[in-house]
Amino acid sequence: MLEKTFDPQSVEPRLYAAWEASGAFKPAEDPNAEPFVIVIPPPNVTGSLHIGHALNNTLQDVLTRFHRMRGKAALWLPGTDHAGIATQMVVERQLAAAGNIGRRDMGREAFVDKVWEWKAESGGAITNQLRRLGASCDWSRERFTLDEGLSAAVRKVFVQLYKQNLLYRDKRLVNWDPQFQTAISDLEVEQKEVDGAYWHFAYPLADGVTYQHPIAFDEDGKATEFETRDYIVVATTRPETMLGDTGVAVHPDDERYKGLVGKFVTLPIVGRRIPIVADDYADPTKGSGAVKITPAHDFNDFGVGKRAGLEAINILTVEAKLNDSVPAEYVGMDRFVARKAIVARAEEEGWLKEIEKTKHMVPHGDRSGVVIEPFLTDQWYVDAKTLAQPALKAVETGETVFEPKHWEKTYFEWLRNIEPWCVSRQLWWGHRIPAWFGPEGSIFVEESEEAAYAAARAQFGADVQLTQDEDVLDTWFSSALWPFSTLGWPEKTSDLERFYPTSTLVTGFDIIFFWVARMMMMGIHFMGEAPFKQVFINALVRDEKGAKMSKSKGNVMDPLILIDELGCDAVRFTLTAMSGQARDIKLSKQRIEGYRNFGTKLWNASRFAQMNECVRVEGFDPATVEQPINKWIRGETVKTVAEATKALEAPSFDEAAGALYRFVWNVFCDWYLELAKPILNGDDAAAKAETRATAAWALDVILKLLHPVMPFITEELWEKTAEFGPARETMLISAKWPELPADWIDAEAEAEIGWLVETVGEIRSIRAEMNVPPSAKPGLTIVGAGPETKARLARHRDLLLTLARLDAVREADAAPAGSAPVVMGEATGALGVAEFIDVAAEKARLTKDIAGHAGEIEKVNKKLGNPDFLARAKEEVVEENRERLAEAEAAKAKLEAALSRLESVG
RNA sequence: GGGCAGUUAGCUCAGCGGUAGAGCGUCUCGUUUACACCGAGAGGGUCGGGGGUUCGAUCCCCUCACUGCCCACCA
């Protein structure tokens with residue numbers, strides 16, 4: 001017997017272990033089974049499961065379980081990401097906390113060993129948490145981005161891209177993170193608004209040059225007054241960079257400065273003589289129109305410098321302190337200290353002309369949070385522009401489809417404006433770059449040290465000394481290979497053959513650029529085919545007020561705690577139901593409780609079925625049922641299967657969840673079980689047996705349909721309900737998804753039960769409005785019943801009596817006095833509630849109802865009176881309106897008759 | 001500055017040419033032997049504003065307003 005409530009805590013671990021042990025997580029061996037493949041977005045190995053993961057992985061599991069049940073060879077391939085900076089940071093912090101020596105003192109090899117040690121101890125946390133979520137991943141295929149095979153794939157890709165000239169080494173400005181002392185890619189830079197200022201500096205003109213600077217203008221903006229200046233004003237938000245200035249730029253068409261182009265200024269403090277150059281970059285409308293040029297520390301200035309042939313002087317160290325290219329007093333000074341010092345000096349020496357307070361966007365490292373410096377270094381770059389073209393085409397042609405579709409625009413926008421991808425990082429934890437430096441600036445890029453030495457020997461005709469590049473690759477470089485490297489590439493494995501390209505990628509929009517686009521580029525380049533057929537972008541989970549969850553705000557909802565408190569199924573159902581497409585998910589605990597209640601409802605419905613001996617019957621064929629309620633629930637079940645299947649195929653998770661919720665609660669529990677009660681408690685043995693079998697059958701279908709979303713409670717019920725019936729052939733996880741014939745929908749039964757439901761609803765409504773106490777059992781008198789209604793009454797008298805709490809149902813020629821009208825198709829019911837009728841209130845009620853129908857009639861009449869409508873609208877729409885009119889008129893007439901009776905009485 | 005979303009009941013959202021919906025919350029009633037994590041009922045909306053297309057617009061088009069996000073931007 002089922003216990004009174006479902007106990008997730010005890011059931012979940014047991015069932016998960018049973019599933020895994022059964023081998024159900026592995027794809028079917030059957031070579032004819034169509035594959036369905038998802039590669040997991042590998043969580044950081046340092047990570048722990050947050051609510052975003054819970055959503056993302058729930059959806060993947062729903063899909064995997066659904067397709068598995070449909071008989072596909074379903075593979076959900078799990079794994080984790082080594083997460084270069086993040087992991088190195090975590091381990092460094094731990095070492096520091098434990099009082100260990102720092103990374104640099106420890107040395108590279110020892111440090112990397114420490115990270116591996118840490119990974120062995122704590123790296124599995126997140127995969128265990130995925131198990132708590134019920135994730136049916138094939139753990140036998142689990143991968144790690146830094147494992148042996150994936151590292152080989154990374155080397156191969158690097159070498160091949162290099163040899164195809166799609167990857168190269170270049171000296172240019174990068175985004176430099178002074179905290180981690182590494183280059184980072186454009187995507188790892190976050191623009192944040194900060195308080196700042198424009199400091200206007202007067203740079204003295206060299207060689208005694210002066211010019212006339214306009215200071216007053218007429219209405220047309222023409223200069224009317226000038227002053228003689230021996231300096232030129234430039235503005236900057238970063239005063240400290242002036243120590244690296246090698247020029248001043250003005251716009252070639254700027255009348256004010258035309259005469260100054262080719263002249264020089266003397267850079268204050270430094271005393272360097274630097275030219276005034278003409279360049280389109282200088283915007284006459286901004287600041288003074290003249291701009292200082294620091295080629296080594298500004299992306300725009302770098303371009304100007306190149307065009308004008310200005311020297312790029314690097315004035316910073318890797319820690320963003322001033323280096324020895326600046327006057328001695330500033331060497332070693334922090335960049336922000338230097339900023340203050342230089343402003344102070346400018347003021348003191350009189351060349352600070354103005355301070356303009358402003359807010360502006362400043363680049364910060366997304367991990368370190370410190371201000372990023374443009375920094376001139378040698379780095380490795382991927383020619384993303386070239387690789388992007390086929391990736392664009394794959395989405396343009398529909399080889400890969402985004403869902404929701406509008407994310408394609410975001411994808412296009414980025415790929416069409418893509419910049420070279422800086423892939424080298426000055427870190428230790430990651431894939432070491434397979435490049436070796438030799439004599440005379442030679443570089444050998446090979447998959448192994450031996451191959452590099454061999455290549456060097458071939459080039460120099462003798463053995464030479466090589467040094468491997470110290471740097472590692474951007475974490476996203478290996479992630480970009482994930483859909484094929486995890487399947488065994490570059491080996492030609494059977495998995496690769498069978499499971500590439502994958503079916504659906506489920507991920508968040510925040511990594512469309514970081515990950516999705518790059519997988520598309522690499523997948524197409526190396527496999528010749530886009531890595532996914534569909535990219536499903538899931539929403540972002542926020543707190544109930546719509547704020548992003550963050551530890552500092554204290555609004556984080558821990559999915560594991562929620563699972564402990566409310567059960568995994570409730571959390572999963574909530575996330576599934578709320579994953580409507582274009583939006584943020586505002587999650588509240590209350591919402592999860594609601595779906596926990598849904599699970600309890602299902603549990604109790606099963607208990608009810610069990611108490612009433614609704615046991616599965618071997619060989620039961622729902623096609624043969626005769627009772628109207630059984631025909632009806634059979635049809636409703638068919639419709640729900642169709643709805644759920646269609647929704648999960650799309651996938652529209654929220655629609656699937658909604659359809660199942662409504663069916664289980666509002667159809668099966670609220671009506672079917674109630675309608676079944678009189679039969680189950682009655683004496684008609686055949687009807688009773690049929691109803692028991694039908695209920696058990698429908699419940700089985702429900703368990704199957706709900707299983708992808710609520711795997712635990714359904715599996716438990718699947719097991720428990722087998723206690724009395726025939727044994728189950730498989731666990732529910734391996735059961736077959738229902739496919740039911742459409743002709744099991746019986747229009748007649750549907751109409752009949754619909755009529756019953758409406759009648760009961762109307763009587764209940766009248767009772768409540770008239771405050772008829774539940775204990776009172778009025779009689780119902782039917783007037784004007786046709787043969788169909790008579791037949792229905794005969795069949796469902798008991799149901800009417802029970803569900804509407806009536807004393808008797810009888811037929812008569814006229815409604816008795818003091819009754820309330822119930823519209824029942826062509827017939828009129830008269831509810832004998834004389835003792836409860838407040839005549840005035842009842843009159844008001846009827847008048848209001850009549851007015852409602854009158855409004856409807858007027859509206860429809862207006863439509864039907866429009867010749868254009870009759871001529872142009874679809875026939876069925878016209879017909880529908882005619883029916884509506886007839887129904888409204890009939891109902892109105894009945895209510896009017898009742899009203900007039902009431903008036904004659906009172 | 002460029003782009004993308006969104007604006008529907010108190011809240012969260014679905015609907016996306018043909019009678020405005022759900023969940024939660026609110027109010028009323030209820031110990032009817034599956035379930036109070038429940039049942040029955042009720043109230044609540046000129047579908048952001050303005051144009052247009054159409055027989056018909058919450059839905060399609062244009063436009064405006066507001067909100068959110070992404071990208072770019074340190075004179």
Side-chain angles (χ1 to χ4, degrees), chain A residues 2 4-5 186 191 194 196 198-201 233-238 241 249 281-283 285-293 298-301 356 358 360-363 371 374 404 406-407 409-410 412-414 417 509-510 512-513 540 544 546 566 570 577-578 580 582-588 590-591 593-612 654-655 658 661-662 666 669-670 673-674 677 760-761 764-769 771-775 802-803 805 856 859-860 863 866-874 876-878 880-881 884 888:
Chain A
L2 289 173
K4 184 132 186 171
T5 50
D186 297 345
Q191 303 290 340
V194 299
Y198 293 132
W199 284 275
H200 296 251
F201 289 156
V233 174
V234 294
T236 180
T237 57
R238 293 187 300 161
T241 62
Y281 165 67
D283 182 345
T285 67
K286 279 190 190 168
S288 65
V291 55
K292 65 191 258 327
I293 300 297
D298 182 286
F299 288 98
N300 289 310
D301 292 6
E356 201 183 323
T358 178
H360 55 183
M361 303 297 276
V362 178
V371 174
H406 70 253
W407 289 111
K409 289 182 185 162
T410 305
F412 289 148
E413 191 62 23
W414 188 67
N417 300 297
F509 59 79
D510 49 332
I512 290 179
F513 305 150
L540 201 73
E544 54 199 308
L566 298 164
M578 296 184 79
R583 245 171 246 270
D584 302 332
I585 295 180
K586 297 187 182 84
L587 191 63
S588 71
Q590 196 184 32
R591 194 75 190 245
E593 282 167 359
Y595 290 116
R596 184 269 322 266
N597 297 352
F598 174 65
T600 307
K601 187 78 181 173
L602 173 68
W603 185 265
N604 280 304
S606 304
R607 278 183 78 220
F608 171 82
Q610 202 173 59
M611 285 170 172
N612 285 281
D654 51 334
E655 277 178 31
Y661 185 96
R662 283 190 298 274
N666 304 121
C669 292
D670 286 351
L673 292 183
E674 295 304 322
K677 279 176 183 175
V760 170
R764 282 174 175 170
S765 171
I766 291 167
R767 294 183 64 122
E769 275 180 47
N771 291 317
V772 178
S775 54
T802 318
L803 296 176
R805 305 188 62 74
E856 172 83 358
K859 215 161 103 185
V860 180
K863 254 190 182 178
N866 181 350
D868 280 332
F869 174 71
L870 296 176
R872 295 176 197 248
K874 277 179 281 179
E876 66 251 37
V877 173
V878 176
E880 198 181 295
N881 275 278
R884 235 164 72 203

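In this structure, B:rU12 and B:rA22 make a Watson-Crick or G-U wobble pair, each of the two defining distances being under 3.5 angstrom. Remark: B:rG1 base-pairs with B:rC71. Criterion, Watson-Crick or G-U wobble with two distances under 3.5 Å. For B:rG6, the paired base is B:rC66 (Watson-Crick or G-U wobble, both distances below 3.5 Å). The partner of B:rU58 cannot be assigned: no Watson-Crick or G-U wobble pair with both contacts below 3.5 Å exists in any strand. When both pairing distances are held under 3.5 Å, B:rU33 makes no Watson-Crick or G-U pair with any nucleotide shown. Nucleotide B:rG44 has no partner under the Watson-Crick or G-U criteria, as no pair reaches both atom distances under 3.5 Å.
The shortest distance between the side-chain N/O atoms of A:Arg872 and the OP1/OP2 oxygens of B:rC55 is below 4.0 Å. In this model, the phosphate group of B:rG39 is approached by a side-chain N or O of A:Lys601 to a distance below 4.0 Å at OP1 or OP2. Contact annotation: A:Thr600 does not reach the phosphate of B:rC38 (side-chain N/O to OP1 or OP2, under 4.0 Å). At least one side-chain nitrogen or oxygen of A:Lys677 sits closer than 4.0 Å to the OP1 or OP2 atom of B:rA34. Contact annotation: A:Asn771 does not reach the phosphate of B:rC29 (side-chain N/O to OP1 or OP2, under 4.0 Å).
At the heavy-atom level, A:Asn417 lies nowhere under 4.0 Å from the strands shown. The residue A:Tyr281 sits close to a base: some heavy atom pair falls under 4.0 Å. As judged by a 4.0 angstrom heavy-atom cut-off over every strand, A:Arg764 is placed among residues touching the sugar-phosphate backbone only. Within the 4.0 angstrom heavy-atom criterion, base atoms lie near A:Glu856. Residue A:Ala871 is classed as having no contact, given no heavy-atom separation below 4.0 Å to the nucleic acid.
Atom OH in A:Tyr661 sits roughly 9 Å away from atom C1' in B:rA22 (whole-Å rounding).
Here the closest non-hydrogen pair linking A:Asn881 and A:Lys863 is OD1-CD, 3.7 Å. When all heavy atoms of A:Leu870 and A:Val878 are compared, the pair lying nearest together is CD2-CG1, 3.8 Å.
Salt bridge absent: A:Arg596 and A:Glu593 never bring a charged side-chain N and a carboxylate O closer than 4.0 Å.
Proximity note for A:Phe513 (side chain, C-beta onward) versus B:rA34, B:rC70, B:rA75: the nearest is B:rC70.
Proximity of A:Arg764 to A:Leu803: side-chain heavy atoms (C-beta onward) are separated by under 4.5 Å at one or more points.
Side chain A:Arg591 to base B:rC24: no donor-acceptor pair is found below 3.5 Å. Below the 3.5 angstrom threshold, one finds no donor paired with an acceptor across the side chain of A:Glu674 and the base of B:rA40.
Comparing A:Leu870 and A:Lys286, the nucleotide of RNA chain B nearest to each residue sits closer to the 5' end for A:Leu870. Comparing A:Asp868 and A:Lys409 by the nucleotide of RNA chain B whose heavy atom lies nearest to each, the residue mapping closer to the 5' end is A:Lys409.
Taking atom C1' in both B:rC27 and B:rG43, one finds a spacing of 7 Å when rounded to whole Å. B:rC71 and B:rG18 have their P atoms separated by 38 Å, with the value rounded to a whole Å. Taking the P atoms as reference points, B:rC62 lies 29 Å from B:rG21, given to the whole Å.
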Verdict with supporting geometry, A:Phe869 and A:Val877, side chain to side chain contact (heavy atoms under 4.5 Å, CB included): CA-CA 10 Å; A:Phe869 174 71; A:Val877 173; 4.0 Å; yes
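Taken from CZ in A:Arg591 to CG in A:Leu566, the straight-line distance is 14.0 Å, to the nearest 0.5 Å.
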